[in-house]
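What follows is a short report on a single structure.
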Amino acid sequence: MNLSEQEIIRRNSLQELIKLGIDPYPAGIFEVSASAAEIHEKFPKDNTLYQDVAIAGRIMNRRIMGAASFAEIQDDSGKIQLYLKRDDICPGEDKTMYNTVFKKLLDIGDIIWVKGYVFITKMGEITVHVKQFSLLSKALRPLPVVKEKDGEVYDAFTDPEQRYRQRYLDMIVNPQVKEIFVKRTKMIDSMREFLNAKGYLEVETPILQPLYGGAAAKPFKTHHNTLDMTLYLRIANELYLKRLIVGGYDGVYEFSKDFRNEGMSRFHNPEFTQMELYVAYKDYEWMMELVEEMTEKIALDVHGTTKVEVGDHVIDFKRPWKRYTMFEIIEHFTGIDISGMTENELRLTAKKLDVEVDETMGKGKIIDEIFGETCEARLIQPVFITDYPVEMSPLARKHRSLDGLAERFEAICNGKEICNAFTELNDPLDQRKRFEAQLELGRRGDQESMILDEDFLRALEFGMPPAAGLGIGIDRLAMVMTNSQSIQDVLFFPQMRPQQKEAVSTDEDFKERGIPSAWLQWIRTLGYNTLEALDKSNPNKLANDLNGLRKKNKLDVPALNSEVVKSWQFPQ
RNA sequence: GAUUCCGUAGCUCAGCUGGUAGAGCAACGGCCUUUUAAGCCGUGGGCCCUGGGUUCGAAUCCCAGCGGGAUCACCA
């Protein structure tokens, strides 16, 4: 392992601490009597508080001025300044704890526990005057240093790759990141609370499924050894939840991680979360009201208001939301009434609107395409779009009065779908026909067509009550509720391509070649991390370079000649 | 998958009309007892993403690859 200068210094500090009898990673219960945020909030109102306070956190900043120092520590709630005075920390003759431990051996990033009293500095900063401190955890890697003045951030840690790969670092250094995830959890809590209050049952259904269904998507495939069978990671849980409705529950819901083997973008991660809900004896009209009510509550619970800032817009989730049929909204934005058009007429209309369509698309797909191109992105305030073409909705009930449409709606806001719902199709014979139509699409090469689930059909044949179903994209909704531009910002650990590990030979491999351990570190420093790299090297150059390092670092080992280096290469 | 931009010190970035690297912060050594992205003096730190090519000479130009961002396509 090649360590940077700063990492070596920190590892040395660690050894020094141990020599001083300080355990750099102590175990125990470290009592804390306040948080940074709490002190900031309450102390200005009552300055008799916190006169004997203990807090713990990570050192984020240090300013050492001889016998006194300021530091900032960060706990879960935020940052607070510390003031350390040598003679307070070390009242006796021995000034080691301040001069050596605090000033030399602690670093930004270390986690400490302090005890003292709160006061306000001349500059007006609420500060803990530290009487006593102890190290709780030594950091061996330097933290990116982000500085802030008057609300302006300098040298922000912004590289998306590092932020997502090392989310822990992102959270330490960019505290607003933690806030996003707190909001996400509040949002989910709010939904759960709402659904439980209605008496619906939260359930769990299989993630590993022998048949994938409930949506049109490519699955991830895996294999179970004992059963020697292919299993799929679920793309949706719809068909299982409906089985539970058949089984007699009147309301079931599940927050489910679903998996789709498709492209990635700022709106798509291969694993994502949906909340699906099914309620017996209801229809899609009823479900729209539930969605409005629930989303309004979420906004209130997360933000304390129904108005949420998203990008350049303020989105108001206050009920009731506008409702348009798909035909109405298309007419609204294009001035063209496409209801009643034949497939050919639709094709011509699409062309006129500059919407790309191809020969394989049927009527429903063309309508959906026109909607997607001309309407969706322009719908900023929450709105329900209803009555989708039936061909696009193989699990939704046919519209009770309009031919060719399904009783389906999507809620759209900020130009993106946030939920999809319908009056569920409970006619087993119609469902079978729809599946068969999907199979036909599959035979024509549609890789995302649904497959026929005989057991699900069997369940329907036993009779499913009329029901309304809903799927909400939790990540999408979280993006809106947290004003995030990318799905990666609302997932702790978004999917990334793995970093390639550098091939590295072990120390033992090198020692077997007869390389003294004193030289090993320096060979690695020069970039020879594998035996192969060593074998390929020019022994004269390597000996030269190593002797250079020997001189520069005043190493206590004899100088090398290239014959010795040659003897390390190629095993006899 | 396509197009396009990016990859230089621990972090943020400059250098890119080719001459083997700079700044600020961080680190290290000093000075400084309430400072405010503290300040001052000094020091060290770099496989300039990887591999090829062009060239006397490449961080810089060309090609390929790896990783990331953005846009588009599929989709939630």
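Below, chains carry the letters A, B, ... as their sequence lines are ordered, and counting in each starts from 1.
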Which pairs, protein N/O on one side and nucleotides 69-72 of chain B N/O on the other, fall under 3.5 Å?
residue, atom, partner, partner atom, Å
B:G69, OP1, A:Q488, OE1, 3.0
B:G69, OP1, A:Q488, NE2, 3.3
B:U71, OP1, A:R266, NE, 3.2
B:U71, OP2, A:R266, NE, 3.3

Below 3.5 Å is the cut-off: list the nitrogen or oxygen pairs between protein and nucleotides 4-9 of chain B, distance only.
none

Write out a two-atom table: protein N or O, nucleotide N or O from nucleotides 25-28 of chain B, distance below 3.5 Å.
residue, atom, partner, partner atom, Å
B:A26, OP1, A:K147, NZ, 3.3
B:A26, N3, A:Q6, NE2, 2.9
B:A27, O4', A:Q6, OE1, 3.4

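Taking atom P in both B:C63 and B:C40, one finds a spacing of 46 Å when rounded to whole Å.
Residues of residues 407-417 of chain A having a heavy atom closer than 4.0 Å to RNA chain B, listed by number: A:K416, A:E417.
In this structure, A:E125 reaches the bases: a heavy-atom distance under 4.0 Å links it to at least one base atom across the strands shown. Residue A:K365 is classed as a sugar-phosphate contact, given heavy-atom separations below 4.0 Å to backbone atoms only. Contact annotation for A:A156: backbone-only contact, meaning every heavy-atom pair under 4.0 Å involves sugar-phosphate atoms and none involves a base. At the heavy-atom level, A:N269 lies under 4.0 Å from base atoms of the strands shown. Note on A:F157: only backbone sugar-phosphate atoms sit closer than 4.0 angstrom, heavy atoms only; bases stay farther off.
Checked against side-chain hydrogen bond (donor to acceptor under 3.5 Å, both in side chains), A:D312 has no partners two or more places apart in sequence or in another chain. Residues forming a salt bridge (charged side-chain N to carboxylate O under 4.0 Å, His left out) with A:R62 (at least two apart in sequence, or on another chain): none. Listed by chain and number, the residues in a salt bridge (charged side-chain N to carboxylate O under 4.0 Å, His left out) with A:R408 are A:E410 (sequence neighbours excluded). Under the salt bridge (charged side-chain N to carboxylate O under 4.0 Å, His left out) criterion, A:K95 pairs with A:D87, sequence neighbours left out. For A:E292, the side chain to side chain contact (heavy atoms under 4.5 Å, CB included) criterion is met by A:E289, A:R319, A:P320, A:W321, A:R323, A:F384, not counting sequence neighbours. For A:K131, there are no salt bridge (charged side-chain N to carboxylate O under 4.0 Å, His left out) partners at least two apart in sequence or on another chain. Listed by chain and residue number, A:D170 satisfy the side-chain hydrogen bond (donor to acceptor under 3.5 Å, both in side chains) test with A:R167 (two or more places apart in sequence, or in another chain). For the side chain to side chain contact (heavy atoms under 4.5 Å, CB included) test, residues two or more places apart in sequence or in another chain that qualify with A:N61 are A:R63, A:E72, A:K147.
For CD of A:E204, the number of neighbouring non-hydrogen atoms (other residues, nucleotides, ligands) closer than 6.0 Å is 12 at most.
With hydrogens and angles left out, the side-chain atoms of A:E16 and A:S13 include no donor and acceptor closer than 3.5 Å.
In this model, no side-chain donor or acceptor of A:S69 finds a partner on the base of B:U35 within 3.5 Å.
Considering only side-chain N and O atoms, A:R63 lies nowhere under 4.0 angstrom from the phosphate OP1 or OP2 of B:U36.
In this structure, of B:U33, B:C74, B:U34, it is B:U34 that holds the atom nearest to the side chain of A:H129.
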